Amino acid sequence: MMIPFGDLKRQYETIKVELDAAATRVLAGGWYILGSEVKAFEEVFATFCGTAHAVGVGNGTEALQLALTALGAGPGDEVITVANAGVPGSIAIVQSGARPVYVDVAAHSHNLDPSLLEAAITPRTRAIMPVHLYGRMADMDTILEIATHHHIPVVEDAAQAHGATYHGRMAGSIGACGCFSFYPSKNLGALGDGGAIVTNDAALAHKLCQLREYGWERKYYIADAGGINSRLDALQAALLSVKLRHLDTWNKRRRQLATHYRTLLEHTDLVLPEDTIGHVYHLYVVRTPERDQLRNVLRENGIATDVHYPLPAHQQTTLTQYAPPRGLPITEKLASEILSLPLYPELTEAEVKTVASIVREVQR
Ligand SMILES: *Cc1c(COP(=O)(O)O)cnc(C)c1O
């Protein structure tokens, strides 16, 4: 491909010296799981998110699972979420023992439609889990208002929203807790798997620290049921600490490139992503009924694209039992029309121009 959908080698090259130094330090240090490197990263990441605590875990899916377990979700409980954000959230809910209850999204935001939330709440609802999809914050004011009224905690899936803001507040800091993935291609990505939960609740953070390590209250002695092994390793923590220093710059660059796309594409018949203050453009997702056609032409011209995500969660083979009786019309329609164009901090303006010019030939 002439323009790849992502290129993590480009990012490595820009900060190679810093990353190599951090890796060498950890390898020579002789401590590889949790420990001082993880503690140091947890501190800087909590500060970045504006929360009192961060708990490093194995990946984003387990961050969500442990958050739900820590909040008491289990068999017989329901967790309200969306079906258009891939499957990790659903897997996390099912792993906790609860069942996912899917609410449709609003077409303009691709995020949980708060006007449908109230009707989805039952006496068994144990948590509400909105996703800040593509780096755009969900409508947290309305969601929190409804959640607070019903005394239900909100778990933010912020796996695509590192550094995103909502009315000046950081993603992850608004609900009872916020869950992050550091999968390599995320806005803040490790060089392997990683995740974290941020919260202002000291008791919740303490519980999460136990749950990520078998449920141990101290070494070799279990206090909590629902514990698993989901530890962040020292190497990833050290690399993440380096990368966190660049995150604001990278997010700014993502926003710049998104603006560039908008300028070049605004007179086409594509539906462009709604720009909000604090959007960090994890992905640049456009919409057209002729999605597959457009995707093919781009591919023929050496431009890689992707679809996030082609099959909604409630239509996945192992999750159809949780599908709402009348389906999720907006979620299903969006899945057939969305297309993610290349967007990452190391992409050049010239590359954006190339992509846009080919799109314009198809989508006049
Ligand atoms: C990436 C992602 C996750 C899961 O993170 P992993 O680290 O891959 O387990 C969860 N939710 C969303 C919205 C994601 O994009």
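Quantities reported herein were computed from a predicted structural model and do not represent experimental measurements. Every number for a ligand or one of its atoms is a count from 1 in the order of the listing. Heavy atoms only: backbone and side chains are in, while hydrogens, waters and symmetry mates are out.
With ring centers used as reference points, Tyr344 lies 6.0 Å or more from Tyr281. The distance between the ring centers of His110 and Tyr134 falls below 6.0 angstrom. Phe48 and His246 have their aromatic ring centers separated by at least 6.0 angstrom. Aromatic ring centres of His162 and Phe180: separated by under 6.0 Å.
Under the 4.5 Å side-chain heavy-atom criterion for ILVMFWY residues, no single connected hydrophobic cluster contains both Tyr322 and Val82.
Less than 4.0 angstrom separates some heavy atom of Asn59 from each of these atoms of ligand 1: 7 (O), 9 (O). Annotation for ligand 1: atoms under 4.0 Å from non-hydrogen atoms of Val131 are 13 (C). The distance from ligand 1 to the heavy atoms of Pro88 drops below 4.0 Å at these ligand atoms: 3 (C), 4 (C), 10 (C).
Closest protein heavy atom to atom 7 (O) of ligand 1: Ser181 OG, 2.6 Å.
Here's the thing with Gln160: one of its N/O atoms is less than 3.5 angstrom from an N/O atom of ligand 1. Any N or O atom pair closer than 3.5 Å counts here, and Leu64 shares no such pair with ligand 1. For ligand 1, one of its N or O atoms has an N or O atom of Thr61 under 3.5 Å away.
When all heavy atoms of Pro312 and Thr331 are compared, the closest pair comes out as CB-CG2, 3.7 Å.
The residue among His282, Lys186, His308 with a heavy atom at the shortest distance from atom 14 (C) of ligand 1 is Lys186.
Of all the heavy atoms of Asp157, the ones lying under 4.0 Å from any atom of ligand 1 belong exclusively to the side chain.
Glu274 and Ser109 form no side-chain donor-acceptor contact under 3.5 Å, judged by distance and modelled atom types alone.
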